[in-house]
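Everything below concerns the one structure shown next.
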Amino acid sequence: MSIPDKPTLDGLEERWNASWEANGTYRFDRSRSRDEVYSIDTPPITASGSLHVGHVFSYTHTDLVARYQRMRGREVFYPMGWDDNGLPSERRVQNYYGVRCDPSLPYDPDFTPPAGGGTSKEQLPISRRSFVELCDRLTAEDEKSYEAVWRRLALSVDWSAPYRTIDARSTAISQKAFLRDLARGNAYKAEAPTLWDITFRTAVAQAELEDRDRPGAYHRIGFPRSDGDGVISIETTRPELLPACVALVAHPDDERYQPLFGTTVRTPLFEAEVPVVSHYLAAPDKGSGIAMICTFGDLTDVVWWRELQLPTRAILGEDGRLLAEGPAEVDATVYARVAGKTVHAAREEIVAMLRESGALEGDPSPITHPVKFYEKGDRPLEIVTTRQWYIRNGARDEDLRAALIARGEALSWHPPHMQVRYEHWVNGLTGDWLISRQRFFGVPFPVWYRLGSDGAADYDNPIVPDEAALPVDPSSDCPPGYDEAQRGKPGGFTGDTDVMDTWATSSLTPQIAGGWTFDDDLMSRVFPYDLRPQGQDIIRTWLFSTVVRSHFEFDSLPWTNTAISGWILDPDRKKMSKSKGDVVTPISLFEDFGSDAVRYWAASARLGTDAAFDTGQMKIGRRLAIKLLNASKFALTFGATPDAAAVTEPLDRSLLAALGEVIADATAAFDAYNHTAALEVAETFFWTFCDDYIELVKERAYGSRGDEAAASAKAALGTTLSALLRLFAPFLPFVTEEVWSWWQEGSVHHAGWPTADELRSAAEGDSGLLGLVGVALSQVRGAKSSAQVSMKTDVAHAVVRGAAADLDRLRAAADDLAAAGRIASLTFEPAESENLTVDVTL
RNA sequence: GGGCGAUUAGCUCAGUUGGUCAGAGCGCUCGCCUCACACGCGAGAGGUCACUGGUUCAAGUCCAGUAUCGCCCACCA
């Protein structure tokens with residue numbers, strides 16, 4: 001045993017991390033069978049972003065469970081994943097190296113990134129393969145810095161086997177899962193109006209939308225009736241879409257417009273003849289009660305267009321500019337004035353023309369209205385008709401929808417109310433899951449298309465590779481039976497150029513981490529997983545999509561439990577902004593308070609509840625860790641030894657009896673994924689142990705009442721300290737490991753979780769006695785406090801009054817009470833009152 | 001407009017199935033250099049448990065409604 005003279009938290013993190021690494025403390029033993037394993041489907045994190053306190057918060061919650069289960073004897077499968085495909089990495093590479101991807105460029109094997117990096121003004125166009133290589137290289141660097149933070153936080157992951165969602169195996173697994181969904185008919189390609197981000201020039205999915213309030217203006221525009229009998233006035237916030245107008249629509253019950261249904265009007269300026277139609281989605285109380293339908297201004301236009309079987313007059317290109325050629329029905333001369341303009345410029349031009357022609361009625365009236373954005377974009381989404389890949393999600397299939405909702409019901413949610421978020425999302429789905437993106441750094445769709453003699457692609461009958469050939473890159477690999485010379489040639493083939501949405505890959509994390517089809521032995525030991533920890537914001541994306549993929553491939557849930565962490569809020573109760581979160585970096589918190597203290601703060605928040613960013617809580621955690629050092633040191637200097645059988649004194653038996661209750665409560669709490677309750681009971685007990693119990697027995701432990709009484713105290717101290725260190729180990733892994741090392745063999749993190757059994761018969765002691773003595777001791781201290789004298793001041797005489805039954809119990813610990821209070825003469829007198837009081841004569 | 005959650009001491013939060021539940025810590029006040037800890041110890045003061053009704057012998061605890069805050073969804077002419 002070696003106890004430092006001055007125990008300190010300094011240096012514990014480096015020392016024990018090195019030890020854990022050297023000893024493989026958190027290494028997964030894959031020889032263990034499924035029922036011995038506790039497996040966690042860790043959220044893979046995007047390392048090219050920035051780690052902030054919110055991540056520290058939720059990942060700590062997961063680690064608490066991992067450490068608890070490990071101590072319970074389960075072999076914990078807790079991998080770390082890096083989710084580095086997708087836009088964040090692309091943007092970081094563009095800025096870092098000063099390059100941009102130009103897929104039309106051939107690959108240059110000797111390419112090296114420009115020396116100036118992100119400082120050069122012009123982004124250097126590079127080939128797709130080079131671009132992907134840079135993404136790979138930079139994200140690998142980013143992952144190292146993230147790993148350092150996670151290690152400092154003491155996440156007990158097995159660092160020998162992290163996975164990356166962009167590596168060859170993940171790519172192969174993504175492609176294989178996709179091909180199987182394709183074969184089952186659960187994945188399909190379709191040409192349809194698609195929400196489109198004009199900045200990134202890619203389609204986006206329903207789950208990635210967000211509304212933002214933007215200023216706009218109602219423009220009242222008169223449409224001349226074809227019969228010459230006046231005009232019909234509509235209001236629109238998007239006058240630039242006038243050339244895309246295909247109809248006017250009003251509600252079927254709207255008497256104002258009923259006579260007009262079936263007639264036609266002419267679009268102002270553009271002179272296209274369009275019908276007046278009816279549809280129940282038209283709102284009589286909005287604007288003038290009649291709207292123009294354009295292809296496409298918003299999602300309602302898409303519904304009208306589809307259900308009313310209207311023609312398509314597309315005017316917007318994928319770059320967000322008006323097409324060079326307008327629809328055939330519109331006046332080409334007028335259209336030429338807006339062709340090629342941005343939406344904004346076209347709006348100004350058309351409004352000017354409308355005003356000039358007199359079709360604009362009055363001045364536009366400004367409004368603020370919600371507009372759909374891609375969550376990572378900064379320009380409003382447009383709707384463009386494109387060919388995209390989809391995966392069925394129940395939106396258009398009631399049986400599938402019901403089956404997926406049933407999966408949600410079968411999953412254990414922590415906290416339970418999070419399940420309704422899942423159900424609402426599934427019930428509110430309006431379309432299948434759009435998984436294709438027109439980007440570069442992602443998993444390519446493993447398909448090719450035959451080109452006809454006219455050079456047109458046959459999209460309905462894609463060529464797919466053999467599973468054994470995966471991963472493939474259809475833009476550089478050839479489909480079976482073709483050679484590279486036939487690429488892009490009539491009669492030859494062309495590769496699909498799209499990549500999968502990041503969720504299409506991350507929906508497969510159980511398969512990727514478990515080595516599905518690559519290491520089925522491992523997969524069989526971890527799947528279905530025990531736990532999916534994640535944030536509430538991605539229930540609709542990550543959680544749901546993982547359930548969908550598992551449902552199709554395995555006809556089962558991917559996990560039995562899901563633990564949902566809340567948000568970190570600013571002190572002003574707002575969701576903590578990225579910018580603020582970046583200012584307070586996790587590393588600076590570790591340095592200021594210590595990792596254990598930061599973990600304590602995170603552990604103090606229940607699953608599913610939002611928590612305030614609170615350095616005060618971290619200070620308390622730090623205080624707890626320091627107290628653990630000092631109290632342990634003190635107890636051990638007496639020669640504390642775990643030996644419950646030697647505990648004979650009533651006060652000592654009371655301590656162990658109370659400890660037994662704490663162990664039972666903490667265990668039940670952890671089993672219910674309620675880590676805050678587990679921490680709370682341990683913490684409360686620990687402070688009582690320090691402030692009351694140790695004070696009460698230290699004289700006796702020094703030997704004031706003989707060897708046997710001292711031995712009982714030492715055994716109680718040792719037994720309790722051992723259990724306390726283990727109860728705190730999931731929360732404060734560094735300080736508990738440090739103290740454990742002073743007097744025990746091995747790692748506390750592999751020591752068994754404490755049980756009532758190890759307390760022996762002492763667990764049957766009077767668990768309330770310690771508290772009762774504590775009340776009396778507090779009164780004695782109070783007397784000294786009001787006399788403004790030191791606690792070591794002698795008390796000449798003290799009389800304890802209270803219920804006779806309480807006094808009888810107290811007498812069993814009278815000597816300890818007298819010693820702690822330095823009471824020369826202690827007597828007991830029954831009283832009427834139930835309340836325990838002590839009259840103190842100094 | 002629909003849904004979910006929250007609303008308990010100045011602050012951050014506990015309060016399981018209704019009956020010592022009115023609590024903890026921080027902060028504050030007043031003391032104490034007590035031989036583990038001054039990064040400490042002790043003792044105090046602080047709340048009509050958001051509001052309004054209801055059920056009950058009994059309600060922070062159940063029901064209904066209201067208000068405020070947060071989030072999700074819908075609406076986007």
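A note on names: the letters A, B, ... follow the listed sequences, proteins ahead of strands, and every chain is numbered from 1.
- Within the model, atoms CH2 of A:W503 and OG1 of A:T541 stand 3.5 Å from one another, a figure rounded to the nearest 0.5 Å.
- Summarising the geometry, the separation between CE on A:M791 and P on B:A38 is reported as 17 Å, rounded to the nearest angstrom.
- Of the candidate nucleotides B:A38, B:A36, B:C41, B:C41 has the atom nearest to the side chain of A:W687.
- In the interface, the side chain of A:D211 is paired with the base of B:C75 through a donor and an acceptor atom under 3.5 Å apart.
- Remark: P of B:A36 and CZ of A:F686 are 15 Å apart, rounded to the nearest angstrom.
- With both pairing distances under 3.5 Å, B:G40 is matched to B:C32 as a Watson-Crick or G-U wobble pair.
- For A:E695 against B:A36, a side-chain-to-base donor-acceptor contact under 3.5 Å is present.
- Heavy atoms of A:Y702 sit under 4.0 angstrom from primed sugar atoms or phosphate atoms, though from no base atom.
- Residue A:E680 is in sugar-phosphate contact alone, with no base atom involved, counting any heavy-atom pair closer than 4.0 Å across all strands shown.
- We find that CZ of A:R623 is positioned 8 Å from P of B:G27, with the value rounded to whole Å.
- Nearer to the 5' terminus of RNA chain B, by closest-nucleotide assignment, is the contact made by A:I626 (compared with the other of A:I626 and A:A291).
- With RNA chain B read from its 5' end, the first of the two nearest nucleotides for A:D10 and A:A207 is the one closest to A:D10.
- Backbone-only contact: A:V420 has heavy atoms under 4.0 Å from sugar-phosphate atoms and none from a base.
- Considering only side-chain atoms of A:R781, the nucleotide from B:G42, B:A36, B:C26 that sits closest is B:G42.
- Pairing of B:G47, defined by two Watson-Crick or G-U wobble distances under 3.5 Å, is not identified with any nucleotide.
- Set against B:A38, B:C30, B:C26, the side chain of A:Q788 has B:C30 as its closest nucleotide.
- Using the six-membered ring where Trp is involved, A:W601 and A:F57 have ring planes that are tilted, between 30° and 60° apart.
- Ring pair A:F689/A:Y693 is parallel by interplanar angle, where below 30° counts as parallel and above 60° as perpendicular.
- Ring to ring, A:W413 and A:Y422 are close: their centroids are under 6.0 angstrom apart.
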